[in-house]
Every structure is written in C-alpha cells, then in structure tokens.
Novice: 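Next up is a structure, given as structure tokens.
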Amino acid sequence: MPLRFYNTLSQQVEDFAPARDNTVRMYTCGPTVYSFAHIGNFRTFTFVDILRKCLRANGFKLDHVMNITDVDDKIIRNAAAEHKDLKEYTAIYTQAFLEDCAALRLERPEHLVPATEHIDEMAAAIARLTASNHTYQSDGSVYFRIATFPGYGKLSHNDFSGNIAGARVDVDEYEKADARDFALWKAPKEGEKYWDTAIGPGRPGWHIECSVMAIEYLGETLDIHAGGIDLVFPHHENEIAQSESLTGKPFSRFWMHAEFLMVEGQKMSKSLGNYFTLRDILGRGYAPEAVRYLLASVPYRKALNFTFDGLQSAKTAIERLRNFKLRLETGAFADGLDQSLADRTAAAQAQFSDAMDDDLNTAEALAAIFEYVRDVNTAMDAGEMRSANRGPALACLARFDKVFDVLQPTAESGEMADSEVESMIAARHDAKQARNFALADQVRAQLLEQGIILEDTKSGTRWKRKSS
Ligand code: AMP
Ligand code: ZN
C-alpha cells in the first residue's frame, strides 16, 4: 500500500512521495525558547519524530529544517524580567529543549536553526516584498498587506472575502476569524533588543522567520511543512502569503498538523497553567520512554487527553513488549520452523507497516503488534515455537521499535539493563551449581528488589520485569 498523509491544504488523504531525488524536504516549526517546553509541545515534536522515522522506513532520505524561535515578545519580556541578555536567556532554554528531545529520543533535524542567525536574510526578504508592493510601513514597522495575496485563507479554509479590511496587528498570534495585516518587521522599542539592517533598525516578526529559513535551506517548494494544529492560522497562513508572494511558487506540497494534547477537555498550554514539563513528569519517577509511548500512541490527528493513568498504561505496555522480547531472546526452542507462526509474523509486520503508512495510524500499528505478542506468547506456552521462528519474530519487533523506539530502557531511569540482569542470573546459576543456595537466594532477592521476577523452568531461568 502506498504511503499517504492527510494534507491540511487539500483536506484529503493523498499519496506521498518527495518531488525530487528521493529526499524529503521538510520544515517543522520549532520551539519558542522562553521557558521549558511542556509535554503538549512535545506531542507535536514526537509526531514529527514518528513522521521522520516512517519516511525513512519507506526508503526516503531526509532534509529537515527546524527553527528555534529565539526572539519574540514573550522572550523579550521574560529576559528583561530576569535582567538577562536575550542570547544568554535563550541559550538556557535552547539547551533544556535539546536535552528533553534527547530524553524523548527525538532525532535531531538535519538543520536546527536559531532565527537570530538569519536576521539579514529576513530583512532582505522584506525588502523584496516591499519592492513588489506587498507591504506598507507605519511608525518604523513593516506590515504585509494581505489584500495583495489572493490565496489568503486557502490553508485554514477560511473565506476572508469581504473581511480583508486593512486592519493590522502587531502581535504574532491572534484570533482565527481575523484577517489582519501582520507585522513582518517590528520597529525598535525602548530598552528592547534590535538589529540594524538594510531595512532599518528593528526585529523580525515570527512568521517571516519560518518562510525565510525554509526557502534558504530547502528551496522554494517544500515537500512537507508541519507543526501543531494551532499554527494553521495565522502562522502557516501567513507563511504561505509571504513565501508565495516572494517566489510565485507553491510553498509546500503537504501541510501536516498534530492535534492537541489536552487536559480535562482543554488544550495543555502555558497560559492556562494546566501543563507539565517533561522534567515534572520524570521527577515523578516515570521513564521518558513512557512519555514517548503515550504521546505517540494516539494517531496525531486525534486529540489526546493526558492523564497519569494513561502514562501508567504506557509504562505497562512497554514492560509487556520488553518481557516478550526477552522471552524470545532467552527461550529454548526446538529446532525447525513452524510455518503458521512464520506466516503470523509476516502478517503482523505487514499490518504494522500498512497502519503506519496510512497517515501514521499509530493506534492500529500498536494493535497489530500487541495481537501478535499475544498470539506468539500463546504459541510459546503451547511449545509450538521453533528456533527458526525466533529471528523473524525479533525482526518484527525491531521494525516496530525503529519507529516507536521504546524497548531499550533509559539508563538514568534507574532500571537495570538487560545485560546486568543476565549476568546476575548467571551468577545465581553458578551459586546453585556450587550448592551455595544461600547466595543463590540472595541474588534472587536482590533482583526482586529491582523489580525483576525469576522463573525457573526446565529449559533454564526466565525473567521478566514486574509491572507496577
Ligand atoms: P511554541 O513553543 O509555543 O512555539 O510551540 C511549539 C509547538 O508546540 C508548536 O508546533 C505548537 O503548535 C505545539 N503545541 C503547543 N501546545 C500544544 C498542545 N497542547 N498539544 C500539541 N501541540 C502543542
Ligand atoms: Zn513556523
């Protein structure tokens, strides 16, 4: 089945392939580094990571740009409140963001670019928009005149005809019904950081940042542009207006948007105060891979309600998969191949890939894996598993983990690594051989303290992690 994605622009699910040379040119809007990102933000960034891994699993190469918004109203306000220089302030939260991404196993985009490194290019783009009559000035600020772009509204599917009144707005985020001329360049304000450029002193608006960096690194037409659903309007609508006015070409072929992480029916957000940072969650003793699993488990176009019960279930699901993997690795199976199990494995792998290729249907992909785990566990209980079935079963699990990336425990989570458990079991075995049963019991008790349960069988000692 072909890879296909829902495209916000066409409002259709469409077959996807990159336009040129097997490389997907992708731009995703990055964080505004004014404080720690919350796990709502990370729902969107986890979706992007799953998207990357799915594209790679389909044999495509990636050229992916993500911006770091390191100048905006909130940053300027917060930095001033802490008496910090803008750069010093944003460095702290950029670093924190990168650490959180690493903990959640989010791959680094090929280009991770702070906006403030491209101020001159932004000024040059604004000059070009001015030369082609798309802008006007007021009090040293430059605004994009949306009446000059007939396609305005095509991404958010808002019909703005009759509503494009020439009113303007200085803030970067505003209400969906408002078609407003937006700031491309903001005049310096007393005590605020500004840059001296060819179009005068000031700082860029948020929207121009993404248009300029996307075109600079990836060319005039992207394959995919993605972000959270709240970016459709005005941010992405404004990016299209600027970019297409600059180039005369479609800005992006596909637009993909992740729905919100919710808390009791409301969007998780800083302003509502109903948020958890990743650090909050890890501080409560959850492993980052449980957060990753939870955020990835609901398909990105469905809102996901955050609860600690949900996080607990994610943890249990991961334990189940790890125990299954261990059982496959350590079980003693009779020689040969069981054909029906081999067929079952191939079917599970195909179901998993088909579900992921179907607009990243992670829920169905997980269901395919868990049904498979249940069936193979049953087969192992019944002694039907054969040694030649082991490799393909592990490969199926590896295929799953290439995308979900949750099977390897995070070292800092305090959990014992598989290899440590194995070597303690070997030590216990040696103790028993030497008839030192006290020592053997001691090792068993130590493992139990670490949440590891041993089961002695005819074919050796099996172990699993206790799910709590
Ligand atoms: P920001 O740092 O505010 O620019 O946001 C970074 C990303 O997080 C953007 O793509 C937002 O759309 C996304 N985002 C913000 N809140 C949520 C949420 N509750 N659920 C999912 N994504 C979100
Ligand atoms: Zn953007």
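Every number for a ligand or one of its atoms is a count from 1 in the order of the listing. Note that this is a predicted model, so its numbers are computed, not measured.
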Novice: Would you mind checking if D357 and R4 are paired as a salt bridge, meaning a charged N to carboxylate O distance below 4.0 Å?
Specialist: no
Novice: Do the non-hydrogen side-chain atoms of Y300 and L51 ever get within less than 4.5 Å of each other?
Specialist: no
Novice: State, without any angle test, whether H235 and D230 hold a side-chain donor-acceptor pair at a distance under 3.5 Å.
Specialist: no
Novice: Are Y275 and N41 close enough that some pair of their side-chain heavy atoms sits under 4.5 Å apart?
Specialist: no
Novice: Give, rounded to 10 degrees, the angle between NE2 (H235) and SG (C29) as seen from the Zn ion (ligand 2).
Specialist: 120°
Novice: Could you walk me through whether Y93 and F36 satisfy the ring pair (Phe, Tyr, Trp, His ring centres under 6.0 Å) test, starting with their C-alpha distance in whole Å, then the side-chain angles of each, then the deciding distance to 0.1 Å, before giving a yes or no?
Specialist: CA-CA 6 Å; Y93 293 105; F36 294 113; 5.3 Å; yes
Novice: Counting the benzene-type ring for Trp, do F97 and F45 have ring centres under 6.0 Å apart?
Specialist: yes
Novice: What is the name of the N/O/S atom in E239 that sits closest to the Zn ion (ligand 2)?
Specialist: OE2
Novice: Which ligand 1 atoms does P31 reach within 4.0 Å, using its non-hydrogen atoms?
Specialist: 2 (O)
Novice: Starting from atom 11 (C) of ligand 1, which protein heavy atom do you reach first, and at what distance in Å?
Specialist: D230 OD1, 3.5 Å
Novice: Would you say the side-chain atoms of E319 pair up with the backbone N or O of R465, donor to acceptor, closer than 3.5 Å?
Specialist: no
Novice: Just heavy atoms, cut-off under 4.0 Å: does L231 contact ligand 1 by side chain, backbone, both, or neither?
Specialist: side chain
Novice: Note the single closest protein heavy atom to atom 19 (N) of ligand 1, along with its residue, its atom name and the distance in Å.
Specialist: M268 O, 2.9 Å
Novice: Which option out of G228, A303, G40 puts a heavy atom nearest to atom 10 (O) of ligand 1?
Specialist: G228
Novice: Please state whether Y275 comes within less than 4.0 angstrom of ligand 1, counting heavy atoms only.
Specialist: no
Novice: Would you say M262 touches ligand 1, if touching means a heavy atom closer than 4.0 Å?
Specialist: no
Novice: Quick test: of every protein heavy atom, which one is nearest to atom 13 (C) of ligand 1, and how far off is it to 0.1 Å?
Specialist: T44 OG1, 3.7 Å
Novice: Take atom CD in E264; do more than 12 heavy atoms of anything else shown fall under 6.0 Å from it?
Specialist: no
Novice: Does E259 have a non-hydrogen atom less than 4.0 Å from ligand 1?
Specialist: yes
Novice: What pair of heavy atoms forms the shortest contact from M26 to R52, and how long is it?
Specialist: CE-CG, 3.8 Å
Novice: Flag T32 as yes when one of its N or O atoms lies below 3.5 Å from any N or O atom of ligand 1, and as no otherwise.
Specialist: yes
Novice: Using a plain distance cutoff, I'd like to know if L261 has any nitrogen or oxygen under 3.5 Å from a nitrogen or oxygen of ligand 1.
Specialist: yes
Novice: Is S269 close to ligand 1, meaning an N/O of one under 3.5 Å from an N/O of the other?
Specialist: no
Novice: Just distances here: any N/O of N41 and N/O of ligand 1 closer than 3.5 Å?
Specialist: yes
